[in-house]
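This report concerns only the one structure given below.
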Amino acid sequence: MHEPLRPIQKPTLDASLFSMRRVFYRYPDDIQALSCIDLDIAGGDRIALVGQNGSGKTTLIKQLCGLLLPTAGEVLYKGEQLKGEHLDRNRLEIGLLFQDPDDQLFSHTLLDDTAFGPRHQGLSRQDAEQTARKSLQRVNLLDMAYKAPHNLSFGQKKRAALAGLLAMQPNVLLLDEPTSNLDPHQEEVFLNLLRDFSGTLICISHNLIFLYELCDRAVVLDRGRIQHDYTLRELVSQRQSLREHGLDFSFRLVHTASSCDLAQSKPLDELHRTPTLPDVSEGKSLVFLRDYHYRYPDGTLALHGINLSIQDGERISIVGENGAGKTTLLSCLLGLRQGLGEFHFAGRLMTRRWRKTLWRRVGMVFQDCADQLFCPSVREEITFGLHQLGYSRDESRKRLTQVLAMVCLEGFEERVPLHLSGGERKRLALACVLAMEPKLLILDEPTAGLDPQGEELLLDILCNLDVTLLLVSHDMFFVNKLTRRTLVMHRGRILEDMPTHAFLQDERLGNLNELSYTYRRRSRSAILTMQHEHEHSHLHQHLHTHQHRHGEVEHDHFHEHVHEHTHRFAHIHPEDEKNHDHMPRRYHDHDHPGYEVEDHDHDYPGHENETDDHH
């Protein structure tokens with residue numbers, strides 16, 4: 001059962017900017033996405049819309065901007081139904097940031113994309129361009145104004161999409177996973193930009209630490225229905241409520257030893273390892289790159305002088321700011337792009353001919369796993385690669401059963417992949433790769449878009465894999481848990497190659513590569529404090545004095561009895577104090593009004609037949 005929480009003060013109908021009245025929505029494939037939604041949103045509200053993958057969050061915000069119209073019920077904006085002419089008049093003051101920025105970037109240059117909205121608001125070409133430049137400056141992309149959006153990194157595309165919305169100066173911002181795949185510095189840039197936004201803000205995110213800094217109110221969706229509507233502070237402090245809705249991110253807040261922590265402690269100066277030219281003569285490397293470069297068709301130098309050696313069985317992470325060249329490096333390792341320099345895999349030089357065979361030995365789970373799911377059923381999705389490798393039908397069936405069990409998707413054989421939740425799709429993509437038994441498994445931002453429950457399950461699966469692992473992530477929790485070695489990339493170069501635990505201790509590297517976690521640490525500390533306000537119910541033994549009269553004699557005596565009630569104890573857990581308990585104190589003072597009228601007896605020797613008068 002949830003602990004009772006105080007509901008947030010909700011706006012009246014007259015004060016509401018948005019009002020949803022018994023809204024239902026069913027998709028054409030008969031999936032019921034929203035059921036009986038009643039929600040009032042006041043001007044200036046800052047709302048976190050949270051829930052598990054598939055709970056209906058994105059469907060709800062699409063109702064608020066008119067992209068979807070209710071199957072039943074009504075959505076009001078400024079007191080009128082949001083449809084027809086009223087929708088047309090107000091559409092340009094409601095901005096929606098899609099989860100995938102490619103859904104809203106379509107022009108030849110960033111400047112054109114950012115100026116598109118202001119032009120449709122009636123600004124002249126010159127004024128729209130000036131507004132667009134200011135907006136690009138706010139998201140630190142002005143120097144890329146004439147670049148094509150499709151040549152940007154995912155994080156840069158995210159910032160470009162936000163610039164296009166901010167240029168229109170909307171009254172309402174609807175954000176769908178705004179921090180997904182952003183490096184920590186850019187996440188904080190987003191946070192500061194959104195803090196300065198004076199309008200109404202509704203944000204979908206599984207990043208509750210980010211939401212804690214940004215929003216005041218939390219609306220929890222579960223299977224298309226609103227389950228809770230209260231303050232965000234109350235939401236993050238209630239672990240039991242978070243866990244029941246698959247939102248418990250507390251496993252991220254508690255530091256436990258990872259495999260990396262077991263390495264022998266050495267001074268940081270001894271742990272830094274600047275990349276040097278590897279020796280191919282050793283013949284032991286699974287992956288070997290020497291003086292490797294890659295330049296995009298538009299002239300952008302994405303990789304410069306890469307020297308890298310990966311041994312069989314290693315677990316390595318690659319970190320760096322958005323645009324550092326991480327995804328480009330992965331594309332080269334997959335054989336999707338060919339650069340200049342030496343590239344050996346399992347001792348063989350990767351010529352153009354051999355590069356085309358890398359798909360048999362290198363498997364990758366993409367940032368957006370929908371990019372690699374295309375079959376009508378889970379069974380066909382997993383067996384597709386096996387058929388290309390020449391597996392027989394019986395071998396494919398056996399392998400299918402094995403990998404579904406590995407990723408906790410037993411019984412999903414006939415499900416439609418694109419109808420699965422985000423977490424299920426991510427695990428299916430992983431199963432497709434694992435079925436082919438790759439020598440090297442590459443994960444590109446595996447936690448992007450996952451709810452906390454999905455993250456925890458994925459982490460457990462990945463920890464138990466026996467495979468050479470290359471992880472690209474801004475998620476330092478996963479980096480710490482899954483890898484022993486970390487490569488630090490910056491502007492197309494590998495700056496450092498060092499043990500993961502040394503990287504995590506090195507504040508200098510974090511600042512150099514714009515990977516600071518200042519606000520995350522601050523929020524994590526505040527949330528931990530709230531979560532450790534424990535409420536205990538236990539028996540209390542009370543000693544009271546009562547005045548008694550026996551005939552003409554009046555005296556006091558002690559009376560002892562036991563009852564049960566709750567106390568709330570607030571405390572914190574210092575990092576160096578791992579073991580503690582919450583045992584109630586045997587003796588403590590507290591008010592106990594009404595004790596004098598409680599039922600009790602006064603059996604004591606010598607007074608069995610006396611009658612007492614109580615005062």
Side-chain angles (χ1 to χ4, degrees), residues 5-28 30-99 165 170-178 194 197 199-206 211 214-232 234-235 241 245 247 451:
L5 299 176
R6 297 183 303 277
I8 196 166
Q9 186 68 37
K10 299 176 185 176
T12 63
L13 182 59
D14 291 340
S16 295
L17 181 65
F18 288 99
S19 291
M20 303 183 76
R21 293 286 173 262
R22 296 188 60 80
V23 169
F24 291 76
Y25 186 78
R26 184 185 297 273
Y27 281 100
D30 214 33
I31 293 177
Q32 186 70 43
L34 297 176
S35 298
C36 202
I37 298 293
D38 286 301
L39 180 65
D40 290 301
I41 300 170
D45 265 355
R46 304 177 79 81
I47 297 177
L49 191 58
V50 298
Q52 287 182 278
N53 292 120
S55 60
K57 305 183 297 296
T58 299
T59 305
L60 192 151
I61 62 169
K62 286 182 177 179
Q63 301 281 332
L64 295 177
C65 65
L67 278 183
L68 296 175
L69 297 179
T71 305
E74 59 182 15
V75 177
L76 306 179
Y77 179 68
K78 296 182 177 178
E80 294 184 41
Q81 284 199 55
L82 193 60
K83 62 181 183 179
E85 292 184 5
H86 183 59
L87 173 60
D88 293 338
R89 286 195 305 271
N90 292 283
R91 192 188 295 276
L92 294 178
E93 62 184 51
I94 303 173
L96 170 61
L97 182 71
F98 289 97
Q99 184 171 350
L165 294 180
N171 292 333
V172 180
L173 269 182
L174 309 174
L175 310 170
D176 195 353
E177 294 289 354
L194 296 174
F197 179 67
T200 304
L201 186 146
I202 302 167
C203 183
I204 294 174
S205 183
H206 297 304
L211 292 176
L214 182 65
C215 299
D216 306 313
R217 179 179 168 193
V219 174
V220 181
L221 277 179
D222 189 0
R223 299 178 186 179
R225 295 178 180 271
I226 293 178
Q227 296 294 323
H228 297 292
D229 185 353
Y230 40 52
T231 68
L232 188 64
E234 289 171 319
L235 171 68
S241 181
H245 293 295
L247 301 173
D451 59 47

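Values reported hereafter were calculated over all heavy atoms of this structure, with side chains retained and with hydrogens, waters and symmetry mates removed.
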ask   = Tell me, do Leu60 and Met20 make a side-chain contact under 4.5 Å, heavy atoms counted?
value = yes
Under 3.5 Å: donor-acceptor pair, side chain of Asn90, backbone of Leu87 = no
ask   = Are any non-hydrogen side-chain atoms of Leu64 and Ile94 less than 4.5 angstrom apart?
value = no
ask   = Do His86 side-chain atoms and Tyr77 backbone N/O form a donor-acceptor pair below 3.5 Å?
value = yes
N/O donor-acceptor pair under 3.5 Å between Thr200 side chain and Gly44 backbone = yes
query = Is Val75 close to Val23 at the side-chain level, that is, under 4.5 Å between some pair of heavy atoms?
reply = yes
query = Could you walk me through whether Asp229 and Arg217 pass the salt bridge (charged side-chain N to carboxylate O under 4.0 Å, His left out) check?
reply = CA-CA 7 Å; Asp229 185 353; Arg217 179 179 168 193; 2.8 Å; yes
message = If I take atom CG from residue Leu34 and atom NZ from residue Lys57, how far apart are they, to the nearest 0.5 angstrom?
response = 11.5 Å
query = Between Asp176 and Thr58, is there a donor-acceptor pair closer than 3.5 Å when you use the side chain of the first and the backbone of the second?
reply = no
Thr231 side chain to Glu234 backbone, donor-acceptor under 3.5 Å = yes
query = Are the side chains of Lys78 and Leu17 in touch, meaning some heavy atoms are under 4.5 Å apart?
reply = yes
key: Trace of the side-chain contact (heavy atoms from CB on, under 4.5 Å) decision for Leu68 with Tyr27   = CA-CA 10 Å; Leu68 296 175; Tyr27 281 100; 3.7 Å; yes
message = Rounded to the nearest 0.5 Å, what separates atom CD1 in Ile226 from atom OG in Ser55?
response = 11.0 Å
request  = Indicate the atoms forming the closest heavy-atom contact of Pro178 with Leu97, along with that distance.
outcome  = CB-CD2, 4.0 Å
message = Do Phe18 and Asp45 have side chains that approach each other closer than 4.5 Å (heavy atoms only, starting at C-beta)?
response = no
message = Side chains of Leu82 and Leu76, heavy atoms from C-beta outward: is any pair under 4.5 Å?
response = no
Val219 and Leu39: CA distance, side-chain angles, deciding distance, side-chain contact (heavy atoms from CB on, under 4.5 Å) verdict = CA-CA 9 Å; Val219 174; Leu39 180 65; 4.1 Å; yes
task = For residues Phe24 and Pro70, determine if any side-chain heavy atom of one lies less than 4.5 Å from a side-chain heavy atom of the other.
result = no
ask   = Got a second to check how far Arg46's CZ is from Cys215's SG, nearest 0.5 Å?
value = 7.0 Å
message = Closer than 3.5 angstrom, by distance alone: can the side chain of Ser19 be matched with the main-chain N or O of Ser16 as a donor-acceptor pair?
response = no
ask   = Does the pair Arg225/Asp38 count as a salt bridge with the N-to-O cut at 4.0 Å?
value = no
key: Closest non-hydrogen atom pair, Cys65 against Leu96   = SG-CD2, 3.9 Å
key: Main-chain N/O of Tyr25 paired with Gln32 side-chain donor or acceptor, under 3.5 Å   = yes
remark   = Distance col, row Asp216:CG vs Tyr230:OH, nearest 0.5 angstrom, shows 15.5 Å
task = Indicate the atoms forming the closest heavy-atom contact of Leu165 with Gly95, along with that distance.
result = CD2-CA, 3.9 Å
request  = Report yes if the side chains of Leu175 and Ile204 come closer than 4.5 Å at any heavy-atom pair, otherwise no.
outcome  = no
request  = Output the distance between atom CD (Gln52) and atom CG (Asp222), rounded to the nearest 0.5 Å.
outcome  = 6.5 Å
ask   = Got a second to check how far Cys203's SG is from Leu194's CG, nearest 0.5 Å?
value = 7.0 Å
query = Any chance CZ of Arg22 has more than 12 other-residue heavy atoms, nucleotides or ligands included, within less than 6.0 Å?
reply = no
